[in-house]
Amino acid sequence: MLFPITYRVNARGHLEIGGCDLADLAAAHGTPLFVYDEATIRQRAAEFVSAMGEAGRVLYSAKAFASPGFLRVVAEEGLGADVVSAGELELALRAGLKGDQIFFLGNNKSAQEIALAYQAGATLVIDGAYEFELLQRVIPEGERARALVRISPGIKPDTHDFISTGQLDSKFGFSIENGQARAAVETALRHPRLELVGLHSHIGSQIFDLRAHQAAMDVMLDLLVELKRDLGYEPANLGAGGGLGIAYTKEDDPPTPRQFVEVIRSALAAGSDRRGLKRPQLVIEPGRAVAGPAGVTVYTVGSIKDIPGVRRFVAVDGGMGDNIRPKLYGARYEAVKVAEPEAAGGELVTIAGKYCESTDILISEIRLPPLQPGDLLCVPATGAYCLAMASNYNGMPRPEVVMVAAGQARVIRRRETLDDLLAAEVL
Ligand SMILES: Cc1ncc(COP(=O)(O)O)c(C=O)c1O
């Protein structure tokens with residue numbers, strides 16, 4: 001699934017999402033424009049929740065995209081949120097989430113962030129020995145913060161090295177391999193300001209091979225056996241993180257949310273039973289798999305540069321400031337012309353951004369129908385980690401975001417203005 005579920009080619013031959021013609025949206029809102037399809041968000045979120053059933057809970061990982069207008073839709077489908085900063089916490093609270101629906105993660109939380117998370121009633125996910133000291137200082141005497149301890153299970157999934165986090169050489173989590181995990185659980189159990197409600201793990205992102213999650217679950221359950229035997233501790237909750245991959249190109253064939261949950265659920269159930277452990281409640285926190293397929297970006301073609309025998313560069317009015325992923329991870333994308341979304345073949349072109357970096361290339365080689373300045377291009381699967389990582393590099397205001405449903409578009413984030421660029425400057 002490359003496009004949102006409401007993808008349609010309308011009577012004008014134009015690409016339509018959520019009953020809205022993307023050319024009309026571009027005319028009304030300008031480009032670059034991020035378009036989120038409400039039906040796709042709801043369908044993806046609901047699939048995670050229904051597959052989970054009574055086995056546990058689903059949090060949406062707000063780092064993928066955290067606009068309150070988006071979070072509200074996700075929350076309406078019954079998901080909580082995982083946040084990693086005071087900023088994401090505030091966005092989630094503004095979206096109407098309650099503290100007890102929020103987990104606060106992060107490998108270097110500040111004292112202020114811990115205090116805010118505690119006051120909001122969020123559950124902390126401890127990720128580093130320093131946090132035990134901070135808790136001592138921040139949590140009032142006689143009170144305890146609800147917390148999980150983040151474990152690094154030592155699994156290296158089949159994904160880009162930069163987005164896998166469960167292996168030993170990672171800044172995230174207490175490693176099982178070198179004994180730090182067990183020591184952290186012992187510290188947490190003795191800690192006067194902390195109520196240990198479970199263990200957490202996350203092995204990486206954009207993972208297609210679910211065997212990595214099965215293997216991680218087995219490693220975590222082996223740790224639970226050791227903790228039960230030696231410390232008499234059995235966690236009420238076990239976090240398995242997020243990580244489900246999505247299709248960015250036509251060749252990508254990721255598992256579904258249901259398959260993802262069912263594999264982890266059954267690994268937990270069968271693995272606990274086999275080891276004589278009480279089954280903890282499962283906590284998962286997908287981000288990309290909820291937001292990614294729901295979002296597309298619309299750009300306008302501008303300058304076209306031909307280097308005969310070498311390459312044709314087609315420049316669009318956005319690029320690395322609104323989608324850093326090609327530059328950061330070598331991520332690959334597809335694109336279609338809004339006016340001819342299903343045209344076959346075409347000429348080989350490179351879609352370049354407008355930022356002053358040679359590597360600001362959105363798609364290095366793609367076949368598209370002949371393009372002219374003013375044509376609209378749509379890049380699918382840009383709902384996650386694009387706007388969330390957007391910058392004002394080169395003094396570019398960040399794009400507008402609309403949510404579409406049943407032929408209506410509502411702005412959930414307005415286009416930034418030049419005044420916004422100056423808002424924090426001291427003149
Ligand atoms: C701890 C944690 N949980 C959840 C996620 C969300 O991952 P994804 O967007 O791949 O589902 C991440 C992102 O890498 C993460 O670091």
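Only heavy atoms go into these numbers, but all of them, side chains included; no hydrogens, no water, no symmetry mates. Note that ligands are numbered from 1 as they come in the structure, with each ligand's atoms numbered from 1 the same way.
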Legend entry - Any Ala289 heavy atom less than 4.0 Å to ligand 1: no

Legend entry - Enumerated ligand 1 atoms positioned under 4.0 Å from heavy atoms of Ser205: 7 (O), 8 (P), 9 (O), 10 (O)

Inset, instruction - May I ask you to check whether Phe70 and Tyr60 place their ring centres under 6.0 Å from each other? - result: yes

Legend entry - Numbered atoms of ligand 1 (with element) below 4.0 Å of Arg150, judged on heavy atoms: 1 (C)

Inset, instruction - Report, in ascending order of atom number, the atoms of ligand 1 lying under 4.0 Å from any heavy atom of Gly287. - result: 8 (P), 9 (O), 11 (O)

Legend entry - Per-atom contacts, ligand 1 versus Gly242 - under 4.0 Å to a heavy atom: 4 (C), 11 (O)

Inset, instruction - Check each atom of ligand 1 against the heavy atoms of Leu105 and keep those under 4.0 Å away; list them by number with element. - result: 1 (C)

Legend entry - Ion pair check, Arg150 and Glu131, cut-off under 4.0 Å: no

Legend entry - Under 4.0 Å to a heavy atom of Asp82 - the qualifying atoms of ligand 1, by number: 3 (N), 4 (C)

Inset, instruction - Measure up the Phe34 and Tyr36 rings against each other and bin them: parallel (under 30°), tilted (30 to 60°), perpendicular (over 60°). - result: parallel

Legend entry - N or O pair under 3.5 Å between His200 and ligand 1: no

Legend entry - For His213 against Gly242, the heavy-atom pair lying closest together: CE1-O, 3.4 Å

Legend entry - Heavy-atom gap Tyr385 to ligand 1 smaller than 4.0 Å: yes

Inset, instruction - Pick out which of Leu97, Thr123, Asp82 makes a side-chain contact (heavy atoms from CB on, under 4.5 Å) with Ile102. - result: Leu97

Legend entry - Residue list, side-chain hydrogen bond (donor to acceptor under 3.5 Å, both in side chains) with His29, at least two apart or on another chain: Glu400

Legend entry - Region of Glu285 engaging ligand 1 - heavy atom pairs below 4.0 Å: both

Legend entry - Arg325 charged N/C atom sitting above Tyr248 aromatic ring, 6.0 Å / 45°: yes

Inset, instruction - Identify, by atom number and element, the atoms of ligand 1 in contact range of Pro286, meaning under 4.0 Å from any of its heavy atoms. - result: 11 (O)

Inset, instruction - For Ala64 and ligand 1, answer yes if some heavy atom of the residue is under 4.0 Å from a ligand atom, otherwise no. - result: no

Legend entry - Among Arg144, Glu143, Arg146, Glu113, side-chain hydrogen bond (donor to acceptor under 3.5 Å, both in side chains) partner for Tyr118: Glu143

